[in-house]
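What follows is a set of notes on a single structure, which appears directly below.
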Amino acid sequence: MDSEISRRRFMDLLVGLGGAGVVFVTTWPLLRFLQPPKTTSESGDWIDAGTVEEIQASGFKDILGGTGVPLILVAGADGEIAALEKKCPHLGCMVALGKGELDCPCHGAKFALDGTLISGPAPRGLKRYQVETRANGHVFVGKEVA
Amino acid sequence: MSVKSTCKAWLEDRFGLAGMLKEQLEQTVPVHATSWEFCFGGLTFLMFVIQVASGVLLMLYYKPTSEAAYKSVEHIMTAVDFGWFIRSVHHWCANLFILLMLIHLVRVFLTGSYKKPRELHWVSGVFLLVLGMAFGFTGYLLPWDQIAYWATTVGTEMAASVPPASFGHFLIEFLRGSASVGGDTLTRFFAVHVIVLPLVAAVFMVAHFLMIRRTGISGPL
């Protein structure tokens with residue numbers, strides 16, 4: 001029969017495939033490790049937060065800042081993008097994008113899309129982070145604005 | 001002649017390794033030694049090989065200065081792809097290295113394998129154990145976090161109690177590279193960890209292996 005395969009040939013195939021699998025699972029992570037991480041640029045701790053279109057399309061994007069703080073990127077009415085700390089300065093809940101403003105789900109604090117406090121129990125606005133749009137259409141987030 | 005055999009013949013004409021390789025690859029193992037208790041020496045060596053490979057990879061991103069060390073480790077753990085994996089492998093195999101070495105030592109003791117003519121196998125092995133501990137001690141400082149800093153402070157402090165007092169004082173400064181643990185200690189420990197210890201350990205390992213090849217492993221109980 002044409003479809004018949006010898007025992008030896010089958011074992012050779014099995015060992016070959018297994019070997020290829022082993023080589024793949026060891027070299028793939030190795031190559032990834034050797035590739036310098038893309039999240040930071042040469043100029044310092046700027047983080048690539050994705051493309052401008054992507055953020056403008058959905059209106060917002062959640063990312064982790066360089067120090068591990070959760071940030072929210074929001075596109076304002078004019079398309080201007082701001083990076084704000086997600087943590088409400090009242091009791092630390094995570095704010096979410098509402099109708100043209102950011103709402104805190106816990107005690108109803110409201111913030112404008114540039115982070116300033118509109119109303120509610122929060123003592124101040126949301127912390128702002130530096131934002132830069134680069135030539136490749138990607139938004140980069142830097143350090144906290146003092 | 002096929003391409004494979006032509007290449008083989010070409011290499012053989014120039015290096016003549018075939019006989020040597022054949023001898024090394026076709027070593028016979030006595031029947032009493034073909035059991036799991038006799039694996040630990042080889043496993044310890046496997047750990048050493050893994051440590052060298054993962055250590056070289058970590059060196060690509062690690063920065064041995066007091067300002068950058070902690071940040072670079074954080075970078076490896078959070079930003080570099082599979083960096084967490086490589087560092088974890090280095091961490092766990094370091095522990096296994098010591099553990100397997102100790103099990104190997106116990107096995108050699110219980111089977112009486114250290115007896116004549118293998119006394120120096122044992123002695124070189126104990127040197128390797130001390131070197132392994134030195135690997136652990138110097139590597140522990142490198143992440144440059146609180147536990148690393150204070151463990152090294154306490155560990156090097158012991159050297160100060162070596163009499164006479166002036167010698168103890170010399171010793172602790174020699175270890176630390178300064179009066180207290182600082183950036184100079186870090187560079188010193190880094191150099192010892194990645195260059196000095198591997199070279200010294202390699203010499204002892206080669207001696208250890210050549211001796212066991214010459215005498216063969218000890219007889220059955």
Side-chain angles (χ1 to χ4, degrees), chain A residues 8-9 12-13 15-16 18-51 61-73 83 85-87 129-132 134 136 138-144, chain B residues 2-5 25 42-43 45-94 96-97 139 142-147 190 193-194 198:
Chain A
R8 176 177 292 268
R9 177 97 187 102
D12 282 350
L13 274 173
V15 170
V22 169
V23 168
F24 179 74
V25 297
T26 47
T27 50
W28 172 246
L30 186 67
L31 291 175
R32 289 276 301 274
F33 180 84
L34 295 176
Q35 190 97 30
K38 287 192 201 81
T39 45
T40 49
S41 72
E42 289 75 30
S43 57
D45 296 321
W46 288 81
I47 286 176
D48 186 346
T51 61
K61 186 180 181 182
D62 289 329
I63 65 159
L64 275 186
T67 47
V69 219
L71 304 178
I72 183 164
L73 286 118
E85 190 170 322
K86 248 177 110 67
K87 206 167 90 176
Y129 281 71
Q130 294 168 308
V131 176
E132 201 178 282
R134 300 206 179 154
N136 59 1
H138 278 243
V139 178
F140 281 78
V141 177
K143 294 196 167 56
E144 189 188 324
Chain B
S2 72
V3 177
K4 196 175 156 193
S5 57
L25 293 174
L43 285 175
F45 179 60
L46 176 67
M47 289 305 124
F48 183 79
V49 172
I50 293 175
Q51 288 304 84
V52 171
S54 58
V56 167
L57 290 175
L58 288 175
M59 270 176 78
L60 302 181
Y61 292 105
Y62 178 71
K63 299 185 181 78
T65 65
S66 54
E67 295 80 28
Y70 182 79
K71 269 205 95 146
S72 68
V73 174
E74 199 177 52
H75 180 70
I76 291 170
M77 292 301 279
T78 57
V80 180
D81 283 342
F82 291 98
W84 59 272
F85 180 75
I86 302 287
R87 180 162 175 257
S88 303
V89 165
H90 200 72
H91 172 95
W92 287 106
C93 288
L96 282 174
F97 180 59
L142 303 184
W144 203 241
D145 51 8
Q146 285 292 318
I147 198 165
F190 180 68
H193 188 79
V194 304

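Throughout, protein chains are lettered first and strands after them, A, B, ... in sequence-line order, and every chain is numbered starting at 1.
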Is the number of heavy atoms from other residues, nucleotides or ligands within 6.0 Å of OH (B:Y61) greater than 12? yes
Can you tell me which of B:L57, B:I86, B:L60 forms the most heavy-atom pairs within a distance under 4.5 Å of chain A? B:L57
Any chance CG of B:L25 has more than 12 other-residue heavy atoms, nucleotides or ligands included, within less than 6.0 Å? yes
Given heavy-atom pairs under 4.5 angstrom as the criterion, report whether the side chain, backbone, both or neither of A:L34 touches chain B. both
Identify the two heavy atoms, one from B:F82 and one from A:R32, that lie closest to each other, and give their separation to 0.1 Å. CD1-CB, 3.7 Å
A:F33 side chain reached by B:F85 side chain, heavy atoms, under 4.5 Å: no
